[in-house]
Amino acid sequence: MEKALELRSLGNTGLKLSCVGFGASPLGSVFGPVSDEQAIDTVREAFRLGINLFDTSPYYGGTLSEISLGKALKAAGVPRDKFIVSTKCGRYKDGFDFSATRVTKSIDESLERLQLEYVDILQCHDIEFGSLDQIINETIPALQKLKEAGKIRFIGITGLPLGIFRYVLDRVPVGTVDVVLSYCHYGINDTTLDDLLPYLKRKGVGVISASPLAMGLLTESGPPEWHPASPELKAACQTAAAFCKKKGKDISKLAMQYSLSNKDISTILVGMKSVEQVQANVAAATEVGKDEQTLAEVEEILKPVKNQTWPSGIQQS
Ligand code: NAD
């Protein structure tokens, strides 16, 4: 039995996001090549099945993801007020630059590639690679000016280590940062985002949790070569995937359902590059009832590596 894709509120923004969000990094061919036609078909299917959030960055595929998503959104022909686009600034193919000058220029370049007049959310991308004090004192104020200029509606910050979110949010007035995007911290193998959720809720900050498949770890075909997990974590996830396959179960479906079950998270952002993946992920979200037994078995396999992560960024003083 299936139900419609649920909409969830994003903090105090007033936005209602589909609980499954479309991660467009695969459109930048970072998980293997994707043609324009394939991108168009995939985005069209996402709209058809009720997905309304599309996330990209100038960094993904060195601007290719934004270009490809822009073409696909245009081809879909959906009215602009019916979908939500989030992109990022500060991280680029040639490195990091969170200066006011760079991020101000960056949004104009992103809008051109996306063929849009504005984006709903602009996020400082992977801030642990910059100075958090610069993010607070220079980057976010620059983004506030972009908000006033009508180029963006909401401001976000993204990154891997969870401590960065509190550091920034403790030092800016409430309502300055609307959204945080965390990744690889709310899935079967890592649930550490859970501890931060009450704090974010108190602050009225919306929560986007990305990479429910742990960037490919929780898939049958496994992660891409660049994946930063330890050999131990990769091996455990592959054992779990093989276990599911042998039982006739899909580990990715199980992983999606696990991440979606926490309603304090507005949307689960999953990277997709085919019509079949969109259908599978929406089906996972709309199916009534979960396979609790297989989930318990997979959790047991992953127990020795539970909450294991990897280093990201520069040490903050
Ligand atoms: P993910 O965990 O969503 O995994 C994506 C991989 O799984 C891709 O190879 C995809 O083709 C595959 N996949 C998707 N659905 C599948 C299915 N049903 N069965 C089997 N395989 C499937 O990782 P991700 O793409 O890195 O993360 C999702 C999105 O979140 C990104 O596209 C990006 O938009 C965002 N993100 C942002 C940050 C950041 O801001 N720092 C970091 C990570 C991800």
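Numbering of ligands and ligand atoms starts at 1, following listing order. Numbers here simply count residues along the sequence, with the first being 1. Note that the structure is predicted; figures quoted are calculated from it, not measured.
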Requested in this report: Give the protein residues with at least one non-hydrogen atom closer than 4.0 Å to an atom of ligand 1, ordered by chain and number.
Outcome: G23, A24, S25, P26, F31, D55, Y60, K88, H125, D126, T158, L181, Y183, A210, S211, P212, L213, A214, M215, G216, T219, S252, L269, V270, G271, K273, Q277, A280, N281
Query - K147/D178 ion pair, N-O < 4.0 Å - result: yes
Query raised in the report: Quick check: are there more than 12 heavy atoms from other residues, nucleotides or ligands sitting under 6.0 Å from CD of E112?
Result: no
List the atom pairs, donor and acceptor, that lie under 3.5 Å between side-chain atoms in residues 25-37 and the rest of the protein, sequence neighbours left out.
residue, atom, partner, partner atom, Å
S29, OG, V34, N, 3.2
S35, OG, Q38, N, 3.1
D36, OD2, K71, NZ, 2.9

Just list the side-chain donor-acceptor pairs under 3.5 Å for residues 238-248, sequence neighbours left out, or say none.
residue, atom, partner, partner atom, Å
T239, OG1, A235, O, 2.9
K247, NZ, T294, OG1, 3.0
K247, NZ, E297, OE1, 2.6

Report task. Using the side chain to side chain donor-acceptor pair (under 3.5 Å) rule, collect all pairs that involve residues 200-223, keeping only residues at least two apart or in two chains. Result -> K201-D264
Query raised in the report: Quick one: do F83 and Y118 end up in the same hydrophobic cluster if we chain Ile, Leu, Val, Met, Phe, Trp and Tyr together by side-chain heavy atoms under 4.5 Å apart?
Result: no
